[in-house]
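Not measured: the values here are computed from a predicted model. Index from 1, following the sequence.
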Amino acid sequence: MLSKFIVAGVVSATVATAAYAEEAAPKQRFTHEGYTYVYQVKDTKAGKVISGRRFPDAVAFNLAVKNGKVSGVSGGQQVAFKVEDARGAASE
């Protein structure tokens, strides 16, 4: 569930920063339920890659966005869901 919020923030941040994409993507952040998520979004040939850490506990996450789906590892657990599910979570 927390991963959906990560991607929700990333989806909106990605749209805003797509025009400024660089080789080394700038770090972005948002706060949800007392945690601060610090991450980078990188464009690859296979799609977008979202990686970063959730603070204060420094839990790592690494997610791939491809064909409208998000998958990867967050806090040592496999996660997979649709980008649209994350957008819906952001509006709650």
Distance (rounded to the nearest 0.5 Å) between Lys48 NZ and Lys42 NZ:
13.0 Å
Val38: which other cluster members, linking ILVMFWY side chains closer than 4.5 Å, directly or transitively?
Phe55
Who are the side chain to side chain donor-acceptor pair (under 3.5 Å) partners of Ser71, not counting sequence neighbours?
none
Side-chain donor/acceptor pairs under 3.5 Å, residues 57-70, sequence neighbours excluded:
residue: Asp57; atom: OD1; partner: Arg54; partner atom: NE; Å: 3.3
residue: Asp57; atom: OD2; partner: Arg54; partner atom: NH2; Å: 2.6

Closest contact, heavy atoms only, Gly34 versus Pro56:
O-CD, 4.3 Å
Just how far is it from atom CZ of Arg53 to atom NZ of Lys27, taken to the nearest 0.5 Å?
9.5 Å
Hydrophobic clusters here meaning ILVMFWY residues chained together by side-chain heavy-atom distances under 4.5 Å, can you tell me if Phe81 and Val49 are in one?
no
